[in-house]
Number of protein chains: 4
Amino acid sequence: MRKFPSGFMIGWSQAGFQSEMGLPGSEDPNSDWFAWVHDEENIATGRVSGDLPENGPAYWFNFRSFHENAKKMGMNVVRLGIEWSRLFPNDPGISSSDDHVSALEKLDRSVNAAALHHYREILADLKHMGFHVILNLYHWTMPLWLHDPISVRKGRIAGPAIGWLDSFAVKQFAFFCVFSAKALDDLVDEYSTMNEPNVVYSSAYASPGWPPGYLSFDLSKRARENMIKAHAAAYDMLKSVTSKPVGIIYANASFTPLRKEDERAVGLAETAERWSFLDPLVGLSELQAGEEVSRRLDWIGVNYYSRTMVRLQGDAYRSVPGYGYACERDSISLDGRPTSDVGWEFYPDGLRDVLQKYWARYRVPLYVTENGIADDGDYIRPYYLVSHISSTLEAAESGVDVRGYLHWSLADNYEWSSGFRPRFGLLRVDYSNKSLNWTPSALVLMEIAGAGGIPSELEHLNSIPPTHQLRRG
Amino acid sequence: MRKFPSGFMIGWSQAGFQSEMGLPGSEDPNSDWFAWVHDEENIATGRVSGDLPENGPAYWFNFRSFHENAKKMGMNVVRLGIEWSRLFPNDPGISSSDDHVSALEKLDRSVNAAALHHYREILADLKHMGFHVILNLYHWTMPLWLHDPISVRKGRIAGPAIGWLDSFAVKQFAFFCVFSAKALDDLVDEYSTMNEPNVVYSSAYASPGWPPGYLSFDLSKRARENMIKAHAAAYDMLKSVTSKPVGIIYANASFTPLRKEDERAVGLAETAERWSFLDPLVGLSELQAGEEVSRRLDWIGVNYYSRTMVRLQGDAYRSVPGYGYACERDSISLDGRPTSDVGWEFYPDGLRDVLQKYWARYRVPLYVTENGIADDGDYIRPYYLVSHISSTLEAAESGVDVRGYLHWSLADNYEWSSGFRPRFGLLRVDYSNKSLNWTPSALVLMEIAGAGGIPSELEHLNSIPPTHQLRRG
Amino acid sequence: MRKFPSGFMIGWSQAGFQSEMGLPGSEDPNSDWFAWVHDEENIATGRVSGDLPENGPAYWFNFRSFHENAKKMGMNVVRLGIEWSRLFPNDPGISSSDDHVSALEKLDRSVNAAALHHYREILADLKHMGFHVILNLYHWTMPLWLHDPISVRKGRIAGPAIGWLDSFAVKQFAFFCVFSAKALDDLVDEYSTMNEPNVVYSSAYASPGWPPGYLSFDLSKRARENMIKAHAAAYDMLKSVTSKPVGIIYANASFTPLRKEDERAVGLAETAERWSFLDPLVGLSELQAGEEVSRRLDWIGVNYYSRTMVRLQGDAYRSVPGYGYACERDSISLDGRPTSDVGWEFYPDGLRDVLQKYWARYRVPLYVTENGIADDGDYIRPYYLVSHISSTLEAAESGVDVRGYLHWSLADNYEWSSGFRPRFGLLRVDYSNKSLNWTPSALVLMEIAGAGGIPSELEHLNSIPPTHQLRRG
Amino acid sequence: MRKFPSGFMIGWSQAGFQSEMGLPGSEDPNSDWFAWVHDEENIATGRVSGDLPENGPAYWFNFRSFHENAKKMGMNVVRLGIEWSRLFPNDPGISSSDDHVSALEKLDRSVNAAALHHYREILADLKHMGFHVILNLYHWTMPLWLHDPISVRKGRIAGPAIGWLDSFAVKQFAFFCVFSAKALDDLVDEYSTMNEPNVVYSSAYASPGWPPGYLSFDLSKRARENMIKAHAAAYDMLKSVTSKPVGIIYANASFTPLRKEDERAVGLAETAERWSFLDPLVGLSELQAGEEVSRRLDWIGVNYYSRTMVRLQGDAYRSVPGYGYACERDSISLDGRPTSDVGWEFYPDGLRDVLQKYWARYRVPLYVTENGIADDGDYIRPYYLVSHISSTLEAAESGVDVRGYLHWSLADNYEWSSGFRPRFGLLRVDYSNKSLNWTPSALVLMEIAGAGGIPSELEHLNSIPPTHQLRRG
């Protein structure tokens, strides 16, 4: 049996927008994403699925059932978030001239007290049941008053409510963070400022299905810089009110070279897609403006699902279709590996690779903060689960300080523009009655959590799932 | 939660030839099937896989590990067999003039005492662990001295060693049964004379891959009659030495009509393939010869895997390809249902149908004595398991006296002419080191056995597995 | 044998941008589409294929080889276009105050005389070989000075060079048409103002892969109105210099109802996607502005590839995926029909349906101006060809005045944002040496053209191609 | 363009049993194969398809239509056979003591004169139209009086009517040959004694679907030796009455090694499956009995469809599944090549290989006497046709004396135990009305025959057909 390192935690991650809504009274119509997925033009042109988040798993009211199932499964850590738009459905009126004190006064006057109270109930229940709580402060949604994505999509890229395109969002975010920490710190063990800022600044300005659905490398760059600054500003503000660790959660591919001669492409890709955002935050590089953002990372959350196969093209790197995230869904990759319901290749070695590279570069504590698979039938997930936990343990055995594995996710939820079709849950949600049902994978995880490691009778699941039974392309 | 009826048992079935061999010293080279699967001509022409049973799961020596895993899984019943060829590797010399007493004397002199002792050890271990033991006395293998399948395949269909083609086998079998019961009765709870005689007399004389690989309806009929008589003779002999129930285990399809107008084909098929063999044994019909074979069934074992779709053709019924047992493997049936690694359609309703029809006709206690799926990845098996146990419980709820569900099988084993490729085990066998590894389905079964029914959190697995991820034809 | 109606013509259609380029000196870098498919951001984000039109089939220099092959195949009609950006690479400086005379003077001064001369050579060769020539004046490309698609994509939707979003384009187009007709009328038999304006105004403002890649129903509507007016203005201008028929070419689906109760959805779809654009041009309805555009259609060109399955949703209609244009590529539709390399379902009956509906509504002469299939292996095309010609003949037999069948296309060409992957040619282009190679379908067409109908020995190809050999989704 | 060598002929091959029957009056119920495919047990157990040859293409009455279509396609050679069972439905009573003269007298008395006359009509029509006629005297069917396959299948392998198992068949065959030659010699250009004796002696005694459906290597060997002797005896007899060349037609795989180290397996396979039968006939080796059979081959007919991938296993060779003849049907081979409706891999290089090896070993004139593909949709056949003719021409260019290419077959026909499902015809037979319909491939062949070679515009079909559109396993 392969044992966990001492103190290693097992749990799950989830996001407010994806899981909270689902029963009358749970709706939050005040976020950019809510507007985006309801927009008629987006629906008609297939940019979004047409599924609506208000038909979701209803964590807002059913949180106790979630927690009990997680407990029964042996989990002891959770990373979840609070929705900015729930606490501040209306513009609190902070202006650029406001200082710390006046901004917090405005937030105090403007906060939705009932929502804040409800979040405290949720967190208190978790603490009461013994969970280690990681509170994440931004998971892709902004209040509409700060970001009107339909207007931006239609070409208005200046003026108010343009989200991360406006440097004013930096300050807004930092104030929101400090306000939240003051209100919830007694129920929190660690903070994350943001989940996957890299997905936001890349998808949002390159993919039609993401708010604001805009194609522009320039705008993407602008958003990226504002997000780096926003993390640093939030870090500083948080440190003024709490002594708890503050980290960030980042989305990762493991980059693998197509051929020997493409090895250089791996470094290029890592720098472009990973280090360039994070290096400034630890002082390994500077932002162009020379602004000071370094030494602002107490820990890093590693989200990992698959790899990206890369090759060199001249001096640049290119992603190679047919591997990693660039596969057909429910298919077999060019490397003979199954792909998920969203077309992501089964590639567990990449998780170890990413953890080792983070550790080698930054030497800060790590969590696996997301890892999971869209697998309607729960066919591949038992293999995925065991193989990726095993890959995490291999990293730990090689000296990496990785402190927990948080699966994405405990239950099925609303997968952004793809709606409810992709099912990532260990618990299968019956959306008609919101019941939580156990997949075989949930039983597998319970065995692992209970044993404090991977029992040898389950080691055989640490392998590539047989492909002869699966769909080909 | 759907509860088991009171006293309902959960367990597994297995066969000696398929599971015993696997480590040095465990070989039994004295059976017809052993000769058949080793025959060079059979291998070269693809009649058999070329896999060899001596590389199997090694139950002969590892039986304790099997039993412990079954116990841990919550099982409490087993149906297993003893190998005629192990106890009597050589012809004991019984002649047609031998009576009961002289025959048993010859068997006593001729039995392989070490093998008998070993079987007692196995059964004692089971009883010691609290298992209800159903001993099956014939599971398709005969000693070579009674059946030389290669000679028969080459055209010698008269003379000695022609197996069930010779009415002398009837007597031989009855003596073997009574000998075994005398030697093992203290370790046995119930007896079955034979497993699936219908597969033997149909496949053997109609399919090239089965010993003796002979195509002849006449010979099939002759074998069939001898097997009916053999059951009756064995029943009588057994009753002279034991008071325990004696049943038979039969292979079943649920017959479903292609269209409304084919409903009559269902009855035709059931009569031809099921009732015609069993009716004489309960006195509902007579053998041509008028021989008395009736009132010889204390219970019936129902083996069920899938259905047969039938249609009328003139006054006869025909099987319709693309459904039930007649599908392509790892595929989707014409009814949109997954098929297994051996091409059998997922059709759980048929199990309830078959149980109800047995009960309506014979009113004797029933067991599900085989039910399972060849599923290398364990993708479909969790659904298969829950759906078929559920179907069994539906039969019980409708009044059928069904007393247990015995899965085929606890562990992967040697699938006759198909070799090791089809994997039917809840435990995955690593043939390189004979280790037994838990599939997710094994965890599912443990939950069910532990709960004494199907917990509502697992009820969602009582459904057709999603097909969009699976291979199409 | 099924005979053609008297005078019925057989030929092909092609577009300048898709076929002309391909050898040094043939490039036309001055169109919006050229800029669009070369844009780095479009390529990097997968909006366009990365294939470049300057590697195309090289009709610009090899037109004689195209013509000879068409002749050999028995063709006698062609529809092709001239590229606005070739004749007017620079802004001729027409202002809104210019009248007819001054505008033509500016065009005369500004035209690329060498390009005009080359087009005359091409057309003269066609006329010399006896082809009936239909000249189309707009096939989706505009000069860059009139439409800068990258700027528009980045949000500039006012000011100069915004293409059809600017009503000034109406006048520019009309002047371009009359200039072209004056210069080429002796070599032309009929005119089409535009090819598939409906694809332009819908795809351009709804699909990310089309210039300007903009999502806005408002902008789509604006473009649509300007195109209706542009046709009418061009019609009037053309009539001032030529007596030849002036028509328009329109893209069509045949709309079929999913269930009986969806029949009303068919009418809704036809009105929204077909009649609403064309009705004003024949006086069956009016533009909102009350502007006079009616009685401007001498003939209609019908482009047809597949159907759209529709169903009712409330009072609206919706397209149903899995049928018609909404299938997976190289697959089988939900109706059991093959789909093409671009995912379009084989549905020949729809062509007859569309022709009959046009005839019933407008009573003007019709041509099938596009019909063909992306079929790399030429597997399905023989069936497609025979079935759709047959469907055309059925329309003719029912009284429709359809005068010819023009296949898309004679040779493989550049399929817009999809690049060279989809191969629509009867002749397979070897892009490495620009050779034109005969597919089996080309031989089939030669037989048909030579026989003046479909010989009975080829009638068997008027059927759904067998699907058991083809890929399933 | 790739030209034919001077005098090179193009045509087709066909067999009496597969093509003759099909309209009332055309039945021949007196052959072993007729009995075999009508046998109820064979049908019920799936050994044969259940399709019946009397529903076939009806060449017996429609031969003129066959000939006209072939002529139109540019063919000028045919290989066809006469049915022994038609000429001699009853045992002529030849005994082992009969000499040449008395045997022929008995045959004269016993022949079905009407059938003989009808064969003369067919052959005369062919000669009249200018075809070069190769008459084949045995294509797998024997009169029932000489071979009762059902009895043999049931185990009677001695006594009368056991076919090639009886050495008496040697003499019977030789007398039948000389009789036929005397009666038809004026209408024949060349003779073949037998078609594919190797398929008969291997399949018949190894495959369940072939008469007599017997598994025995010993019997196979006995049949093989009798067939060698039968050829030699027939050769001698024929030479006594005709000066025309007498050859044999043999079934071939091209053997290719799986890995470098398997090259030795190629030679082993060629010797076992090809040279060992033919070497004695040219004097390169002797039969065990030392009987004189050498110098009995004036030419060889090469039948070729696909390859066999081989590997070494110890000192023996083994066929490797997933390649060549051992593929799944309508699939892609492990080498990425399409497979046919009967699962044979597209592998044209093998035809050149086989021709070159024959020439190197025997230096006698060669014909390609069979080559074609079961391809219901005619998707792959255009590629197959061009690629294999091209491969033939490559052999010719390298010095091989190959004199013609005879496609299997002009029209669809009855494919033995597989029935009508596999369609090998250039002409698609509509069995409901017996009409002959042209596939695209027929047009391709007409182009090639007309051009006297492969026109460069069709050279692109000399390639592996694209597989992305085709079914995968």
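Order of the sequence lines sets the chain letters (A, B, ...), proteins ahead of strands, with each chain counted from 1.
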Using non-hydrogen atoms only, which part of D:Ile157 is less than 4.5 Å away from chain B: side chain, backbone, both, or neither?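 Side chain only.
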
Give a yes/no verdict on a cation-pi contact between B:Arg337 and B:Phe346, requiring under 6.0 Å between NZ or CZ and the six-membered ring centre and an angle within 45° of the axis.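 Here B:Arg337 fails the 6.0 Å and 45° test against B:Phe346.
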
D:Asn252 side chain to D:Tyr250 backbone, donor-acceptor under 3.5 Å: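 Here the side-chain-to-backbone pair exists.
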
Step through it carefully: locate the ring centre of B:Trp140, locate the ring centre of B:Trp210, and say whether they are under 6.0 Å apart.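 Ring-ring flag for B:Trp140/B:Trp210: true, centres closer than 6.0 Å.
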
Who wins among B:Pro208, B:Gly46, B:Gly155, B:Ser202 for the most heavy-atom pairs under 4.5 Å with chain D?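 That would be B:Gly155.
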
Salt bridge or not for B:Arg153 and B:Asp148, using N-O below 4.0 Å?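 Looking at B:Arg153 and B:Asp148, the cut-off is not met.
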
For B:Arg156, which atoms come within 4.5 Å of any heavy atom of chain D: side chain, backbone, both, or neither?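 When you check distances to chain D, no heavy atom of B:Arg156 falls under 4.5 Å.
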
Using a cut-off of under 4.5 Å for heavy-atom pairs, which of D:Asn42, D:Asp218, D:Thr45 has the most such pairs with chain B?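 Most heavy-atom pairs under 4.5 Å with chain B: D:Thr45.
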
